[in-house]
> 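Have a look at this one before I ask anything.
Only heavy atoms go into these numbers, but all of them, side chains included; no hydrogens, no water, no symmetry mates. Sequence lines set the chain letters: A, B, ... in the order given, protein chains first and strands last, and positions in each chain run from 1.
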Amino acid sequence: MFKKILIANRGEIAVRIIRACRELGIATVAVYSDADRDALHVMLADEAYHIGPSKPSESYLVGEKVVAAAKKSGAEAIHPGFGFLSENEAFAELCEKEGVVFIGPSAEAIRLMGDKVTARKIAREAKIPLVPGSEGAVSDVEASRVAKKIGYPVMIKASAGGGGKGMRLVNSKENFESSLRMARSEAFSSFGDDSVFIEKFIQQPRHVEVQVLGDRHGNLLHLFERECSIQRRHQKVIEEAPSGFISQKTRKNMCEVALRIAKAVDYFGAGTVEFIMDQEENFYFLEMNTRVQVEHPVTEMITGIDIVKWMIRIASGEKLPFKQSSIKMQGHALECRVYAEDPATNFLPSPGPLHYVRAPSGPGVRDDSSVYSGCEITSFYDPMLSKLVVWGNSREDAVDRMLSALREYVVLGVRTNLGFLIRMMRDPEFRKAQIDTGFIERHPELLVPEESDPEVILMAAAVAMNGGSNQIAQGKTASSSGWKLFARRVGVSGNPLL
Amino acid sequence: MTYTFKLGNKTYKVGFEEKEGLSLFSIDDEQKEIEFLRIDESTYSILVDNQSITVGIFREGKKIQVFHEGDLYELEAVSGRDASQAEGTGSLNITAPMHSRVVKILKKQGDSVEVGDSVIVVEAMKMESELKASASGTVKEIRVKEGETVEKDSVLVALSDSE
């Protein structure tokens, strides 16, 4: 096993990986940009190396700086997390060349699955069902020809894309040209590559994906599916495991197909095979993500398997000790991504000082977070504050538990999607698992609070005027001793750093 | 003490008196006894008619944030004079929602715009957003160039209304 690992990431995933390392008795090395000197991952790690300015392209995306920090610190391996360098084959190769273990699949698997066009080709050869569309990247002329042939609505997607960037849905011929221009420009600014491909748009599609885990000794297993159909701007917001929709037969088929495509690229490490599914449970291969997913906790909750720890063990050469038949799923898990964004303005990010945060707790509640009262949400990085995860005996129990936990969350300073998430948990269609990727667009009423009597809010405002501003009010405090206050805060959050 | 609060586009007048350890809150001539306790720097527990309400509060001068059941409400305590001004129409100008970069300007000076028309495309956090006109009018002045980096709340395009 490794003695020291560098985490080439920031935010909650860096914190998540550091925690896994600490549990495994592995020393941790953080890297950070100018904006992240006060970040939680820096505080939790044993060592921290500054790797440059706040812009990701000058720090977290510079492989040479990350590898140099690993060598200087004596770290034997690098965990890339998600985003940044996690699906960059050149970085995986650089690690190998410099004698540092890349915690992930082979550079070859990243290359094959990273380019969506190549991935589709491999899927076609492995007889995996695919959505109709262009065979590879297309010119503007070809793009509109393909769109016409397969019929609107169509999707324009960045060849090098991910996370919804450089992606556009086009409903009619009239909007095609402007959407194509926007998709190319977004693709170029996000990935430095403006090539796009065209795909048929499935009506009311569901997003279902299969988690796979393979070791370097040829063992390859699946950890069942996750459904991530609740999305905004083509990015996931609420994820769950298992899907509340598919039949046992579809589950079995889908997991087998996922293993087939993973096998086609000799996959090892943790990976996710994403499918788009129509309302008849027909599923088509979308892409394979060759890294840990944001939503991996829901799978951990229903299988009891710690995916991040296994990624580390696999990279160090360990064999998976369990068989497919011994992996069982139990109960239902939900994850809500808590974002600093404003649902009322089409989910625009809401960076700024985070004055105060109090996270929920209680049975079956897990909050994977990287923020604390007084930290700053900068516009340099993704505005995700935390991932609130719950487990319940059934989907219904999990939804109720999530609702209860969300109602305990308090965030002041930046706008968040918490109110929206609460309204989601109360929505009758969501509760019946009648969801698809167009759900949020169809339910604009969930974006803003219902018009209600503002009495409580005005009462609170009057209290605010009488309760002082930035310091604890004189006289009317719950406890006057600083130590008691500190103890109370620690008691609430369980962690003085939070 | 009477306070006037602006919440959204509405203003409310509320009364608040402290008497012998209790507070009297009134709105629209209805008075309620409330008791409040500050739990930590931003958490308040309010008891009213034996209902227990927990809110998050952050105040900087006149600006107040109240967090309740997942939603953040931004209020402003306004004096009488400010209150009458607040009732006037808001600016039609298009401002930057955050620190961002101007990607494309879709209108030019003198163009007329309808409510909901896209006027300018900005990019932040690698995400492009089209900013739309909140009312119909005419483009009076374009104050930025494509590629320029702009600060939150800076005016990008000045619009004048159709009258």
> Just so I understand: if I count every heavy-atom pair under 4.5 Å between each of A:P383, A:S190, A:A461 and chain B, which residue has the most?
A:A461
> Hey, does A:H355 have a side-chain heavy atom less than 4.5 Å from the side chain of B:E41?
no
> If we define contacts as heavy-atom pairs under 4.5 Å, which of B:T43, B:L75, B:V48, B:V14 has the most with chain A?
B:T43
> If you compare all heavy atoms of B:A77 against all heavy atoms of A:M465, which two are closest, and at what distance to 0.1 Å?
CB-CE, 3.8 Å
> When rounded to the nearest 0.5 angstrom, what distance separates OG in B:S100 from CG in A:L348?
9.0 Å
> Where along residues 64-73 of chain B does a heavy atom come under 4.5 Å of chain A, listed by residue number?
B:I64, B:Q65, B:V66, B:F67, B:H68, B:E69, B:G70, B:D71, B:L72, B:Y73
> Based on non-hydrogen pairs under 4.5 Å, which of B:T54, B:I34, B:V121, B:I27 is most in contact with chain A?
B:I34
> Just wondering, more than 12 heavy atoms not from B:R101 lying within 6.0 Å of its CZ?
yes
> Of the backbone (N, CA, C, O) and the side chain (C-beta and beyond), which part of A:V448 lies under 4.5 Å from a heavy atom of chain B, both, or neither?
neither
> Might you confirm whether atom CD of A:E177 has over 12 heavy atoms from other residues, nucleotides or ligands at distances under 6.0 Å?
no
> Working to the nearest 0.5 Å, report the span between NZ of B:K32 and CD of A:E455.
3.5 Å
> Quick check for you: among A:D342, A:I457, A:I422, which has the greatest number of heavy-atom pairs under 4.5 Å with chain B?
A:I457
> Between A:A460 and B:V55, what is the shortest heavy-atom contact and its length?
CB-CG2, 4.0 Å
> Work out which heavy atom in A:A464 is nearest to a heavy atom in B:I57; give both atom names and the distance.
CB-CG2, 3.4 Å
> Of the backbone (N, CA, C, O) and the side chain (C-beta and beyond), which part of A:P454 lies under 4.5 Å from a heavy atom of chain B, both, or neither?
side chain
> For B:E30, enumerate each residue passing the side-chain hydrogen bond (donor to acceptor under 3.5 Å, both in side chains) test, keeping only those at least two apart in sequence or located in another chain.
none
> Look at atom CG of B:D28 and say whether more than 12 heavy atoms of other residues, nucleotides or ligands are closer to it than 6.0 Å.
no
> Looking only at heavy atoms, which two atoms of A:R233 and B:E128 are closest? And how far apart?
NH1-O, 4.0 Å
> Could you give all pairs that pass the ring-ring contact (aromatic ring centres under 6.0 Å, His included) test and reach residues 1-33 of chain B, with sequence neighbours left out?
B:Y3-B:F5
> Between A:P349, A:P351, A:S189, which shows the greatest number of heavy-atom pairs under 4.5 Å with chain B?
A:P349
> Would you say CD of B:E114 has more than 12 non-hydrogen atoms from neighbouring residues, nucleotides or ligands within 6.0 angstrom?
no
> Report the option among B:K10, B:E123, B:E74 that has the most heavy-atom pairs separated by less than 4.5 Å from atoms of chain A.
B:E74
> Looking at A:T416, A:V411, A:L406, which has the largest count of heavy-atom pairs under 4.5 Å with chain B?
A:V411
> Can you check side chain to side chain contact (heavy atoms under 4.5 Å, CB included) on A:N346 and B:S129, steps first, answer last?
CA-CA 9 Å; A:N346 195 20; B:S129 306; over 6 Å; no
> Please flag which part of A:T378 lies under 4.5 Å from any non-hydrogen atom of chain B: side chain, backbone, both or neither.
backbone
> At a 4.5 Å cut-off on heavy atoms, which part of A:E408 comes close to chain B: side chain, backbone, both, or neither?
neither
> Please classify the contact of A:V456 with chain B as side chain, backbone, both or neither, using a heavy-atom distance under 4.5 Å.
side chain
> Tell me every residue that passes side-chain contact (heavy atoms from CB on, under 4.5 Å) with B:I142, counting only those two or more places apart in sequence or in another chain.
B:I105, B:V139, B:V157
> Report, as yes or no, whether the 6.0 Å neighbourhood of atom CD on A:E445 holds more than 12 heavy atoms from other residues, nucleotides or ligands.
yes
> Are B:S23 and A:N466 close enough that some pair of their side-chain heavy atoms sits under 4.5 Å apart?
no
> Can you tell which part of B:Q51 gets under 4.5 Å to a heavy atom of chain A, answering side chain, backbone, both or neither?
neither
> Let me know if B:K152 has heavy atoms under 4.5 Å from chain A in its side chain, its backbone, both or neither.
neither
> First locate atom CG of B:D40, then atom OG of A:S373, and finally report the distance between them rounded to the nearest 0.5 Å.
7.5 Å
